[in-house]
Amino acid sequence: MNAYAPILVLGALGAGFAIFSVVMASIVGPKRYNRAKLEAYECGIEPTPHPAGGGRFPIKYYLTAMLFIVFDIEIVFLYPWAVTFDSLGLFGLVEMLLFVLTVFVAYAYVWRRGGLEWD
């Protein structure tokens, strides 16, 4: 149980901070409600009705989500490598360089194809 104590303490601190922030915002925050504030969207734009089956999203939305997942997973794989870097030696370095090179090739491909453009 001693190994998990720091994780539990950090989780308790995070939860305590979140609860404290929400409670303090409701107590100290301004309470000026108006008709626009009570609408479904606060931005002032009237929501438009969508078809019964839901609206269509542009393909750009899904491509951006997939790119985020790919590069997020790369970072997830870098953490264990960084922790065990000393014990892996030259083999670990070469394997990670190949992995990062593969991800950079994918990044260059997406960049060249215009996948990072926000039109």
Side-chain angles (χ1 to χ4, degrees):
M1 189 64 178
N2 284 341
Y4 295 109
I7 296 171
L8 293 174
V9 169
L10 184 62
L13 282 173
F17 179 73
I19 292 169
F20 174 77
S21 297
V22 169
V23 169
M24 288 307 292
S26 65
I27 293 172
V28 179
K31 293 171 179 54
R32 294 180 299 242
Y33 297 109
N34 56 27
R35 194 174 130 245
K37 191 79 161 169
L38 297 174
E39 289 289 325
Y41 299 111
E42 291 184 9
C43 63
I45 299 172
E46 291 293 323
T48 57
H50 289 289
R56 296 180 115 191
F57 286 99
I59 191 70
K60 195 83 162 158
Y61 172 80
Y62 297 107
L63 290 176
T64 304
M66 291 302 291
L67 286 174
F68 172 77
I69 290 170
V70 166
F71 292 114
D72 192 44
I73 289 173
E74 174 195 5
I75 296 301
V76 168
F77 283 132
L78 285 174
Y79 280 121
W81 174 76
V83 170
T84 61
F85 177 72
D86 289 336
S87 64
L88 292 176
L90 184 62
F91 173 76
L93 179 64
V94 170
E95 289 297 319
M96 188 49 67
L97 286 176
L98 289 174
F99 175 71
V100 170
L101 179 69
T102 304
V103 172
F104 278 134
V105 167
Y107 177 72
Y109 174 77
V110 168
W111 190 357
R112 182 144 168 94
R113 297 277 302 189
L116 302 176
E117 298 293 324
W118 292 97
D119 294 331

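What you are looking at is a predicted structure, and each value in this text was computed from that prediction instead of being measured.
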Of all residues at least two apart in sequence or in a different chain, which pass the side-chain contact (heavy atoms from CB on, under 4.5 Å) check with [X]?
X      : result
Val100 : Glu74, Leu78, Met96, Phe104
Leu97  : Leu93
Ile73  : Ile69, Phe77
Val76  : none

Would you mind writing out the side-chain donor-acceptor pairs for residues 6-16 within the sub-3.5 Å range, not counting sequence neighbours?
none

- Message: Using 0.5 Å steps for rounding, measure from the CD1 atom of Ile19 to the CE atom of Met24.
- Response: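 Separation between the atoms: 14.5 Å.
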In the single-linkage hydrophobic clustering (I, L, V, M, F, W, Y; side-chain heavy atoms under 4.5 Å), do [X] and [Y] co-cluster?
X     : Y      : answer
Phe91 : Phe85  : no
Ile75 : Val83  : no
Tyr79 : Val103 : yes

Scan for ring-ring contact (aromatic ring centres under 6.0 Å, His included) pairs involving residues 1-27, sequence neighbours excluded, and state none if there are none.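 Not a single pair qualifies under ring-ring contact (aromatic ring centres under 6.0 Å, His included).
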Sorted by chain and residue number, the ring pair (Phe, Tyr, Trp, His ring centres under 6.0 Å) partners of Tyr107 (sequence neighbours excluded) come out as Phe71, Trp111
| query | Got Tyr109 and Val105 here, is their nearest side-chain heavy-atom distance under 4.5 Å? | reply |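 No. Closest side-chain heavy atoms not under 4.5 Å.
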